[in-house]
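Values below: every heavy atom of this structure, side chains too, minus hydrogens, waters and symmetry copies.
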Amino acid sequence: MAEATDDRLRLLIERIERLEEEKKGIADDIRDVYAEAKAVGYDTKIMRQVIKLRKMKPDERSEQDMVLETYKSALGMM
């Protein structure tokens with residue numbers, strides 16, 4: 001039983017290690033795309049914000065916009 005458990009643990013660890021390597025590769029690819037975007041004149045900070053907003057549900061985005069407008073108004077930024 002212990003040997004089967006040890007094999008299972010080893011396989012799980014190796015799988016996690018492979019996935020971590022894939023994740024690093026994907027992160028490198030994403031960084032390259034941002035570098036390409038910057039090289040042709042796009043604002044990568046804004047691109048990151050747009051991507052974050054696109055991940056949100058419309059209701060969450062509207063609520064965030066309302067709170068932001070409230071804060072800006074309270075600080076005289078309008």
Side-chain angles (χ1 to χ4, degrees):
M1 179 73 176
E3 185 176 324
T5 302
D6 292 348
D7 287 342
R8 175 83 187 241
L9 176 61
R10 182 182 49 75
L11 290 172
L12 290 169
I13 295 293
E14 289 172 355
R15 195 163 128 205
I16 291 169
E17 289 171 340
R18 279 192 306 276
L19 290 169
E20 289 289 341
E21 279 300 311
E22 289 177 29
K23 184 169 74 170
K24 182 187 177 302
I26 290 170
D28 290 344
D29 291 346
I30 291 170
R31 189 171 29 259
D32 291 345
V33 173
Y34 278 115
E36 179 182 342
K38 187 174 184 173
V40 295
Y42 289 107
D43 186 324
T44 57
K45 287 181 184 180
I46 299 300
M47 289 176 64
R48 289 177 193 275
Q49 288 178 345
V50 168
I51 290 168
K52 181 180 173 183
L53 289 171
R54 286 172 53 108
K55 289 180 185 179
M56 293 176 138
K57 294 178 182 170
D59 291 345
E60 292 173 349
R61 198 168 44 241
S62 292
E63 182 180 338
Q64 183 177 2
D65 289 343
M66 276 189 345
V67 172
L68 178 60
E69 292 302 317
T70 302
Y71 283 23
K72 286 169 49 178
S73 178
L75 296 170
M77 297 174 63
M78 301 291 285

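- Taking a 6.0 Å sphere around CD of Glu36, one finds it holds 12 or fewer heavy atoms contributed by other residues, nucleotides or ligands.
- Ion pairing of Arg18 with Glu21 is absent here, as no side-chain N (NZ or NE/NH1/NH2) approaches a carboxylate O to less than 4.0 Å.
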(request) Would you check, one step at a time, whether the test side chain to side chain contact (heavy atoms under 4.5 Å, CB included) holds for Val50 with Met47? (result) CA-CA 5 Å; Val50 168; Met47 289 176 64; 5.7 Å; no
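- Taken together through direct or relayed side-chain contacts under 4.5 Å among Ile, Leu, Val, Met, Phe, Trp and Tyr, Val40 and Val33 form parts of separate hydrophobic clusters.
- Summarising the geometry, atom CZ belonging to Arg48 is positioned 8.5 Å from atom CD1 belonging to Ile30; distances are rounded to the nearest 0.5 Å.
- Between Met78 and Ser73, the closest heavy-atom pair is CG-CA, 3.5 Å.
- Ile26 contributes atom CD1, which lies 12.5 Å from atom CZ of Arg31 (distance to the nearest 0.5 angstrom).
- For the atom pair CD1 (Ile51) and CZ (Arg54), the distance works out to 8.0 Å, reported to the nearest 0.5 Å.
- Between the OG1 atom of Thr44 and the CD atom of Gln49 there is a distance of 10.5 Å, given to the nearest 0.5 Å.
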(request) Check the pair Asp65 / Arg61 against salt bridge (charged side-chain N to carboxylate O under 4.0 Å, His left out), numbers first and verdict last. (result) CA-CA 6 Å; Asp65 289 343; Arg61 198 168 44 241; 5.7 Å; no
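- The existence of a salt bridge linking Glu69 and Lys72 is confirmed by a sub-4.0 Å separation between a basic side-chain nitrogen and an acidic carboxylate oxygen.
- Atom CD of residue Glu17 and atom CD1 of residue Ile13 lie 6.5 Å apart, to the nearest 0.5 angstrom.
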